[in-house]
Q: 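Would you mind keeping the following structure in view while I ask a few things?
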Amino acid sequence: MPLSAVSPTTVHHFEIDSPIESTSPTNLTHEEMLSDLSSALAKKKKKKKPKKAKTLSPISVSPTAVTEVKQQVLCISRNKHWRYISSYHGPWLQLPLELLESLLTLNMDPTNFMQKDERMPPRPNGRRAISPPPQALVVRQPSPKPVPPPIDPGVFRSVATIRRLIDEASDLAVRAASGLSAPALGALRSPGANGNPRSPAHVLGMNPMGEQNNGRGLNMSSTRTHRLRVLAVQKLAAAYQADEIAASVMVMQGATALDDIAERVLKVDPNDLDARYVHFFHEKIPSRQLAEFTTTSVLDDLIETQPTRLHYFRTRGIVRCFRDEFTLAIKDFTHVYKESRALRKAKAAHHAEEARRPKTKGKKRNGDHKLNGQAPPSGTSVPDPTAGDDGSLPKGPQQPHPSVSPDAPDAIEPQALFMRGATYFQQAIFMIEQKILAVEGVERIPAQDALELKLHLLENGRYGGVNGEAPDGPLGPKNGTKMQAYRAALAVPEFVETVLSLLRKSIRDHEKFMTYFDTVDGVLPYFDGNLAEKTEAAFLLSESLRPGSHAPPPPLPENPGIFTTYHPLLVEAQFSTILCRLISGDFVSTLPAHQHAAALVDGLEGYPIFLPARSMAQAEFVEILERLASSWSLGTLPHSLVRHTPLAITSSTSTSDTQESAGSTRAGSPTTDEDTNVSTSLVRSDTTDTVPTEASTLCLVVTNGLHSRDTKRSDSLQPQSSITESFFDSPLGTGSPPSKAFNLDCLRMLLAPVANRQRSRMEKEAEDVSKEKTKKKGLSINIPLHGPRVDIALAYISAVHLFDFDA
């Protein structure tokens, strides 16, 4: 039957499946059918109403679940917790790879730094307040000592390799995630390289190479995708093997496809060693809780499988430092250092053996280029003035520096030495911290509850922690209950000797780490004036060189400075040794060490590869001095040189036998203008009698330079024989100890420029308040760079050393 022959009523009956029980459709009229239809629809709506209006029964939620919802912790990759990351930032992260490799080649060639007129290039940063005259730019006479490269070749080679590997790994990860071919991915980065650069298709990456499917392959198989990811993971593992700190910085700048690429590879092959190592760095953990959510089980398995890979031991040592397992971490770093040094010596012996092998007969050696009366290749008969007596040509350009030779140490060798020295220091601080927490009767604060342990903010402690602004010192008066309790725990001779031994080992490793980087010394003395003025100039110079500082540098002598091969961890190593000397109470050797560090940092330049390193140890050193100057009134009293007594300073490198501090080009001591009218009775009688002689001798030693036992250092930094030579010859003064009065006087010289800056700051703030009383001040945001070691060091120094000065 055709559709046109069907009546409307029949159509309605066939279209609607009505649940109403009715008679035959032929017995219903059209109006009845419409009414049945409306009633059926109404019943259907009524049945759906209870479902919509249905309410959920109340669910009881436990308080623990509510707390977990409130405490949502930020999860980040594990490699973002690595220390010293801020020291590796710089333009090398964005420079084109070809330019970075070209700079590496220039850095390895010493002839690029010896100009024909043998002049040193002027300083690009303009740190010196007085521009040096032309005669000061003339370099020292040519010496047989090779010129050191501006940047350490080991770390430069590592960052260039890391940059190339991670760039290639990013390309592979993006191709595996999107299905793009290699030419299409390259065209996306430069859409104008092939075709019209203004074409929207090229700008959007749509078919830039004329390929099918807009540059994507036809159904890239899962096997090919897995192979691309495996290759990317291998390159990432090689990058972490070169330097895990620099690789972590580079991965943060890389593609987001690198975050989970190792996890994807492990789903297919759980036993992939490279994927397990990379996933260890990329695994998401709660922020600032690395010790609680990280174990060494993965690294233990990797080391058991391949014990010859030293970078596994290095990573495990760093993790053990986070977990406060310092003894085991020291074993790992020692193993890495010994094995890498043994490998380097074996390679050097192999190269020496090859050099001693006789050459093939009948062939001339490379060194023999005799003229034999013939004209030189240039076509002229004019003899070469640089030729030898026998007419032989010169052997070649200047000999390369040992750091650029094939037998140079790999980057992992000095890095392991630095890490071991830092671990010794951390272990000493950890032992002091455990004693302090036991005295206060509190537990260690978890990382997620507090950014750092501040002993001056302890509310539930038994004694209240370290005082902030008390004039009697960080622990109060010497007869107070707090001082006695801290001395009972920290001033035990056995404990002091243990801490002192760890600090000595830290100084030893840090100083040995610094011997890997050669120095071209300038004209000494680097600072003018007496010992107090030199200390002030060193403090102002180091403060002006800190990243983000707007303080002007002090006026310096018109002579070339110290040039040292740059390494990102060199500044941290310098100020770590100063911190160790300060905590150990050896303030006599702290003064020349601080001056040498300031002069050396002034000559460091890592640009255009690295930015100035942010040293945590330098920030902590300055913070300790700030806190001592504001909370210990005895340390801000006038020192022995405040009277400007002329001191005779003799030096073998100076033409003059004496140097008067009154004729210095710099400003006077910071306490001179403030304390000129202070009576000499403020100074102890024993200080007045013994300090001038010892201070004069120390001034002579500082003028001649800081003593160093390394044969690689220049002779201009070697001190002459003096009474205080034993203090510089051995760390922490293990020879004849200085008198307490002399040690106190050196500490006052160290605190004098800090106290002077604090007074100037207070006077300026008071002047601003008096002038602008009605003007509202903006919110000042001051984020300190120092860590929890500041309060711990202050408590130890006050309990062990300042108590003797107060007595």
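The first residue in the sequence is number 1, and the count goes up from there.
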Q: Can you find a side-chain donor-acceptor pair between D509 and Y337 that sits under 3.5 Å?
A: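 No pair is found: no donor N or O on one side chain lies under 3.5 Å from an acceptor on the other.
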Q: Can you name the closest pair of heavy atoms from I609 and W92 and give their distance?
A: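 Distance-wise, the nearest heavy atoms are O-CD1, 3.1 Å.
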Q: Would you mind reporting whether Y424 and L503 have side-chain heavy atoms less than 4.5 Å apart?
A: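 They are not in contact (no side-chain heavy atoms under 4.5 Å apart), so the answer is no.
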Q: Is a side-chain N or O of S615 found less than 3.5 angstrom from the main chain of Q618, in a donor-acceptor match?
A: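 Checked: pair present.
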Q: What I'd like to find out is whether the side chain of F326 reaches to under 4.5 Å of the side chain of Q426, using heavy atoms alone.
A: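 In contact.
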Q: Counting distance only, does the side-chain N/O of H510 pair as donor-acceptor with the main-chain N or O of S506 below 3.5 Å?
A: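 Pair found, side chain donor or acceptor close to backbone of S506.
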Q: Treating T515 as the side-chain partner and K512 as the backbone partner, does any N or O pair qualify as donor plus acceptor under 3.5 Å?
A: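 Yes, the answer is positive, given that a donor and an acceptor are paired below the 3.5 Å cut-off.
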Q: Quick one: do the T577 and E511 side chains pair a donor with an acceptor below 3.5 Å?
A: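 There is no such pair (donor and acceptor under 3.5 Å, judged by atom type) between the side chains of T577 and E511.
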Q: Could you check whether any side-chain heavy atom of I76 comes within less than 4.5 Å of a side-chain heavy atom of K284, counting everything from C-beta outward?
A: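 They are not in contact (no side-chain heavy atoms under 4.5 Å apart), so the answer is no.
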Q: Is it the case that over 12 heavy atoms from other parts of the model lie below 6.0 angstrom from the CD atom of Q94?
A: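 Enclosed: over 12 neighbouring heavy atoms sit under 6.0 Å from CD of Q94.
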Q: Between D167 and R163, does any side-chain N to carboxylate O distance fall below 4.0 Å?
A: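 Salt bridge flag = yes for R163 with D167.
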Q: So, does D410 use its side chain to make a donor-acceptor pair with the main chain of E413 at under 3.5 Å?
A: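 Between the backbone of E413 and the side chain of D410 there is no qualifying donor-acceptor contact (under 3.5 Å).
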Q: Donor-acceptor check, side chain of T565 to backbone of P149, threshold 3.5 angstrom: yes or no?
A: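 Between the backbone of P149 and the side chain of T565 there is a qualifying donor-acceptor contact (under 3.5 Å).
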Q: Looking at R309, Q415, H335, which hits side-chain contact (heavy atoms from CB on, under 4.5 Å) with R314?
A: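 Testing each of R309, Q415, H335 against R314, the sole residue satisfying side-chain contact (heavy atoms from CB on, under 4.5 Å) is Q415.
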Q: Can a donor-acceptor pair be found, under 3.5 Å and without considering hydrogens, that links the side chain of R78 to the backbone of F293?
A: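 Yes; judged by distance alone, with no hydrogens or angles, the pair exists.
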Q: For the residue pair N79 and I245, establish whether any side-chain heavy-atom pair is separated by less than 4.5 Å.
A: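 With C-beta onward as the side chain, the pair stays apart.
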Q: Considering all heavy atoms of both residues, which atom of P547 and which atom of A613 are nearest to each other, and what is their separation?
A: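 Closest heavy-atom pair between P547 and A613: CG-O, 3.6 Å.
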Q: Considering only residues two or more places apart or on different chains, which pairs with a residue in residues 317-330 satisfy side chain to side chain donor-acceptor pair (under 3.5 Å)?
A: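 Counting only pairs at least two positions apart or across chains, the side chain to side chain donor-acceptor pair (under 3.5 Å) contacts touching residues 317-330 are R320-D332, R323-E325, D324-R444.
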Q: If I compare all heavy atoms of A246 with all of V159, which pair ends up nearest, and what's the gap?
A: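 Heavy-atom minimum between the residues: CB-CG1, 4.1 Å.
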Q: Taking R264 first and then D260, would you say they form a salt bridge - that is, a charged N and a carboxylate O separated by under 4.0 Å?
A: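 Looking at D260 together with R264, the answer is yes, because their closest N to O distance falls below 4.0 Å.
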Q: Is there a side-chain contact between T105 and S102 in this structure, where contact means two heavy atoms from C-beta onward sitting under 4.5 Å apart?
A: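 With C-beta onward as the side chain, the pair stays apart.
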Q: Please check this pair: side chain of S221 against backbone of R224, looking for a donor-acceptor N/O pair closer than 3.5 Å.
A: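 Pair found, side chain donor or acceptor close to backbone of R224.
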Q: Side chains of S297 and T295 only: does a donor on one sit below 3.5 Å from an acceptor on the other?
A: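 The criterion, which ignores hydrogens and geometry beyond distance, is satisfied for T295 and S297.
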Q: Would you say the side chain of H282 lies within less than 4.5 Å of the side chain of L236, judging by non-hydrogen atoms?
A: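 They are in contact (side-chain heavy atoms under 4.5 Å apart), so the answer is yes.
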Q: Do F517 and Y566 pass the ring-ring contact (aromatic ring centres under 6.0 Å, His included) test, and can you show the C-alpha distance, the side-chain angles, and the key distance before you say yes or no?
A: CA-CA 8 Å; F517 316 107; Y566 183 85; 9.3 Å; no
Q: Do you know the tightest heavy-atom contact between Y240 and S248?
A: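 Smallest interatomic distance, heavy atoms only, reads CE2-OG, 3.8 Å.
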Q: Taking all non-hydrogen atoms of both residues into account, name the closest pair between P148 and D518 and its distance.
A: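 For P148 and D518, the tightest heavy-atom pair comes out as CB-CB, 3.8 Å.
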Q: Search all heavy atoms of R276 against all heavy atoms of P270 and return the closest pair with its distance.
A: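 In this case the closest contact between R276 and P270 is CD-O, 3.7 Å.
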Q: Supply the atom-to-atom distance E620 CD to I792 CD1, rounded to the nearest 0.5 angstrom.
A: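 One gets 9.5 Å once the value is rounded to the nearest 0.5 Å.
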Q: For the residue pair Y277 / Q241, report whether a side-chain donor-acceptor contact shorter than 3.5 Å exists.
A: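 The criterion, which ignores hydrogens and geometry beyond distance, is not satisfied for Y277 and Q241.
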Q: Are R83 and F322 in a cation-pi setup, meaning NZ or CZ lies under 6.0 angstrom from the ring centre and within 45 degrees of the ring axis?
A: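 Cation-pi check for R83 and F322: passes.
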Q: Identify whether the distance between the nearest side-chain nitrogen and carboxylate oxygen of R344 and D407 falls below 4.0 Å.
A: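 Judged by the 4.0 Å cut-off on N to carboxylate O distance, R344 and D407 do not form a salt bridge.
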Q: Ignoring hydrogens and angles, tell me if any N or O in the side chain of S170 forms a donor-acceptor pair with the backbone of I166 under 3.5 Å.
A: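 At least one qualifying donor-acceptor pair exists.
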Q: May I have the step-by-step check of ring-ring contact (aromatic ring centres under 6.0 Å, His included) for H567 and F513, ending in yes or no?
A: CA-CA 11 Å; H567 191 278; F513 164 78; 5.4 Å; yes
Q: Please report the C-alpha distance between F425 and L502 in whole Å, then the side-chain angles of each, then the deciding distance to 0.1 Å, and finally whether the side chain to side chain contact (heavy atoms under 4.5 Å, CB included) criterion is met.
A: CA-CA 7 Å; F425 187 30; L502 293 174; over 6 Å; no
Q: Do V601 and F575 have side chains that approach each other closer than 4.5 Å (heavy atoms only, starting at C-beta)?
A: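 Yes - at least one pair of side-chain heavy atoms lies under 4.5 Å apart.
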Q: Check whether E572 reaches the backbone of M616 with its side chain - one donor and one acceptor, N or O, closer than 3.5 Å.
A: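 Judged by distance alone, yes, a pair lies under 3.5 Å.
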Q: Where the side chain of D243 meets the backbone of S158, is there a donor-acceptor pair that is under 3.5 Å apart?
A: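 No: the side chain of D243 does not pair with the backbone of S158.
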Q: Atom NE2 of H279 and atom CG of D272: how far apart are they, to the nearest 0.5 Å?
A: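 Here the rounded value is 12.5 Å.
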